[in-house]
Amino acid sequence: NVASALRFLRDRGAGEELVRLVAVNTWYWVIRDRNEDARTWIEAAAPHARALTGEDALIVRAMSVMASGLAAFEGDPDSSGWDARELDEIEEHSRGARNELLQVFPRLLRTFGSGVTGRGRLARIRVDPASERALAPWSRAVLAVMQAALAHNRGDRRELGRESERALALFRDNGDLWGLAVAQQMRAEWLLLEGRLEEALRMSDEATEAMRGITSSWDLQQQEGFAVGALVRLGRMDEARERAERLLASARARGSARAIGLACLSAAVVAVAVEDVRRARELLDESEANDAEWAQPPAQLVAMRHVTWAGIHVLEHAPDLAERSLREAVEAATASRDQPVMAMVAVTVGLLALERGRRDDARRALAFAVALRGGPDPFEPGEARLRSALGEEPRAIDARGELRTSADAVSDELRQILRR
């Protein structure tokens with residue numbers, strides 16, 4: 001019925017009504033990963049929204065900026081990219097908004113836009129305490145969970161812990177199951193980094209159950225892939241393989257090419273961890289064969305695939321092939337501006353250096369991984385293997401890991417290690 005109404009309003013040129021209906025559906029499209037619906041109807045409503053005033057029009061305009069910016073980031077040649085001038089106007093007219101989404105969305109766009117366009121890493125969302133206290137409870141909860149996500153991205157472990165705890169409390173108070181699940185997932189990320197692996201696994205599974213039926217199969221695959229990684233860190237390899245294969249079967253049953261691609265990658269990571277090279281190759285080939293739904297696969301996904309290929313080549317004692325894959329991984333990880341992904345690349349660069357007998361380079365790559373994550377992840381199989389081979393305890397490497405340098409500078413260092 002909603003789709004029929006949207007088509008009717010578009011065809012009749014009823015701009016104000018179209019904007020209103022699109023505005024109230026935007027958040028549903030976001031959390032359900034209904035990207036095609038979002039793009040179609042935001043594009044149809046945006047010209048009308050620019051001619052109107054009011055909060056519905058501002059929401060549509062903000063979503064239009066986001067859709068265009070993300071399309072450009074994913075390689076769409078027809079996208080105009082991030083419109084900073086329009087975003088300035090939206091922010092100015094959103095001050096004092098009553099709509100909960102509008103209270104935080106322009107701020108989120110400003111922060112993400114800066115990261116996506118390469119003008120800096122994803123920093124904190126700038127909001128003073130007085131302005132934050134004036135926000136609606138749901139808006140404060142969203143702000144907290146986004147601050148947690150940004151802290152995780154930039155390796156700020158302390159803020160990840162603080163903001164994920166705050167987001168959990170706020171979402172429990174307001175009863176938003178989607179928000180609570182996202183907060184639980186961010187809290188699980190912090191627990192994992194703290195070495196509280198059983199707690200991280202339990203919380204991640206709780207988040208997945210809350211999300212089931214709410215979000216898309218692609219988002220669920222990302223969440224459930226975290227649980228697979230936690231099982232690997234716990235050394236429960238049979239469970240990890242079983243769960244990874246079950247996720248893959250579920251993705252195939254749903255028929256989502258994106259979900260299948262991600263599930264194959266999760267299963268391939270487990271296969272590398274248990275040194276099942278043949279299975280890892282099969283899974284990576286299938287993952288890459290399911291890219292048709294992307295205009296361009298996300299840089300994080302591309303980087304993780306190249307890292308996994310490099311892990312296979314290291315196991316096969318084929319250092320030149322591993323180096324080639326890692327060069328691609330460094331470029332994709334840098335483009336993603338995702339420091340945890342960059343840390344995965346750094347660890348594998350260290351493993352390759354170790355394979356070539358360059359222990360100092362291996363030690364330096366490990367230090368970079370620690371810096372990017374904001375601390376050690378000694379239960380991750382690659383990092384554990386490096387530490388064992390180098391005879392390094394986690395505490396011994398931490399001091400070298402406190403590197404005050406940019407992610408771009410780390411990328412340059414990793415490229416130099418690969419060239420040696």
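Bear in mind the structure is a predicted one, so any value in this text is a computation, not a measurement.
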Steps toward side chain to side chain contact (heavy atoms under 4.5 Å, CB included) verdict (Leu284, Ile312): CA-CA 10 Å; Leu284 281 177; Ile312 290 171; 3.7 Å; yes
Step-by-step side chain to side chain contact (heavy atoms under 4.5 Å, CB included) determination, Glu239 to Leu201: CA-CA 12 Å; Glu239 288 181 67; Leu201 180 59; 5.9 Å; no
Audit row: Asp276, Arg241, salt bridge (Lys or Arg N to Asp or Glu O under 4.0 Å) steps and yes/no: CA-CA 11 Å; Asp276 186 346; Arg241 293 186 80 167; 2.8 Å; yes
Stepwise side chain to side chain contact (heavy atoms under 4.5 Å, CB included) test for Phe171 and Val142: CA-CA 8 Å; Phe171 276 120; Val142 169; 4.0 Å; yes
Step-by-step side chain to side chain contact (heavy atoms under 4.5 Å, CB included) determination, Met237 to Val232: CA-CA 6 Å; Met237 295 302 186; Val232 168; 3.8 Å; yes
Step-by-step salt bridge (Lys or Arg N to Asp or Glu O under 4.0 Å) determination, Glu331 to Arg415: CA-CA 9 Å; Glu331 299 311 315; Arg415 292 185 190 100; 2.7 Å; yes
Salt bridge (Lys or Arg N to Asp or Glu O under 4.0 Å) between Arg166 and Glu163, worked out: CA-CA 5 Å; Arg166 190 164 73 98; Glu163 292 296 327; 2.9 Å; yes
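The 12-atom threshold is not exceeded at CD of Glu43, counting heavy atoms of other residues, nucleotides or ligands nearer than 6.0 Å.
In this structure the side chain of Gln185 never reaches within 4.5 angstrom of the side chain of Val145, judged on heavy atoms. Here the side chains of Arg212 and Glu224 are in contact, with some heavy-atom distance below 4.5 Å. With contacts defined as side-chain heavy-atom distances shorter than 4.5 Å, the pair Arg419/Arg327 qualifies. Glu189 is not listed as a side-chain neighbour of Ser164, based on a closest heavy-atom distance of 4.5 Å or more. By the 4.5 Å heavy-atom criterion applied to side chains, Glu91 and Leu109 are not counted as neighbours. Leu160 places a side-chain heavy atom less than 4.5 Å from the side chain of Leu193. Annotation: side chain of Ile59 is not in contact with side chain of Phe105 (no heavy-atom distance under 4.5 Å). Counting heavy atoms from C-beta on, the side chains of His313 and Leu352 never come closer than 4.5 Å.
Electrostatic pairing of Glu282 and Arg279 counts as a salt bridge here, judged by a charged N lying under 4.0 Å from a carboxylate O. Checked for salt-bridge contact, Asp205 and Arg243 meet the test: a charged N lies under 4.0 Å from a carboxylate O. Contact check on Arg356 versus Asp361 returns no salt bridge, with no Lys/Arg side-chain nitrogen under 4.0 Å from an Asp/Glu carboxylate oxygen. Classification of Arg202 and Glu206 as a salt-bridged pair fails, no side-chain N sitting under 4.0 Å from a carboxylate O. Salt-bridge check for Glu328 with Arg324: failed, with every basic side-chain N at 4.0 Å or more from each acidic carboxylate O.
The minimum heavy-atom distance between Ala44 and Leu18, with the atom names listed, is O-CD2, 3.9 Å. Contact between Arg140 and Arg133 at its shortest, heavy atoms only, is NH1-O, 3.9 Å. Ala38 and Trp29 get closest at one heavy-atom pair: CA-CE3, 3.8 Å. Of all the heavy atoms in Ala200 and Leu192, the pair that sits closest is CB-N, 3.7 Å. Residues Pro340 and His152 share a closest heavy-atom pair of CG-O, 3.5 Å. When all heavy atoms of Val19 and Ala45 are compared, the closest pair comes out as CG2-O, 3.7 Å.
Residues meeting the side chain to side chain contact (heavy atoms under 4.5 Å, CB included) test with Ala149, sequence neighbours left out: Met186. Partners of Glu100 under the side chain to side chain contact (heavy atoms under 4.5 Å, CB included) rule, at least two apart in sequence or in another chain, are Ala136, Trp138, Ser139.
The backbone N or O of Leu283 sits nowhere less than 3.5 Å from a side-chain atom of Ser287 that would complete a donor-acceptor pair. Checking side-chain atoms of Gln339 against main-chain N and O of Leu372 turns up a donor-acceptor pair under 3.5 Å. Checked by atom type and distance alone, the side chain of Thr40 pairs as donor or acceptor with a backbone atom of Glu36 at under 3.5 Å. In this structure, the side chain of Thr334 engages the main chain of Val330 through a donor-acceptor pair within 3.5 Å. The main-chain N or O of Gly375 is found under 3.5 Å from a side-chain atom of Arg157 such that the two form a donor-acceptor pair. The backbone N or O of Ala23 lies less than 3.5 Å from a partner atom in the side chain of Thr26, making a donor-acceptor pair.
To the nearest 0.5 angstrom, Arg359 atom CZ is 10.0 Å from Leu386 atom CG. Rounding to the nearest 0.5 Å places CZ of Arg364 at 6.5 Å from CD1 of Ile417. Distance check: Leu197 CG to Ser204 OG gives 12.0 Å after rounding to the nearest 0.5 Å. Summarising the geometry, atom CG belonging to Leu177 is positioned 12.0 Å from atom CZ belonging to Arg172; distances are rounded to the nearest 0.5 Å. Leu231 contributes atom CG, which lies 10.5 Å from atom CZ of Phe226 (distance to the nearest 0.5 angstrom). For the atom pair Asp360 CG and Leu354 CG, the distance stands at 11.5 Å (nearest 0.5 Å).
Judged as a salt bridge (Lys or Arg N to Asp or Glu O under 4.0 Å), the pairs with a partner in residues 59-69 (not counting sequence neighbours) are, in order, Arg61-Glu86, Arg61-Glu89. Note on residues 301-317: pairs passing salt bridge (Lys or Arg N to Asp or Glu O under 4.0 Å), not counting sequence neighbours, are Arg281-Glu316, Asp291-Arg305. Sorted by first then second residue, the ring-ring contact (aromatic ring centres under 6.0 Å, His included) pairs that include residues 172-214, not counting sequence neighbours, are Trp27-Trp178.
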Side chains of residues 259-268: which donor-acceptor partners sit under 3.5 Å, not counting sequence neighbours?
residue: Ser266; atom: OG; partner: Leu262; partner atom: O; Å: 3.4

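For the side-chain contact (heavy atoms from CB on, under 4.5 Å) criterion with Leu168, the lone passing option out of Leu180, Val182, Asp173 is Leu180.
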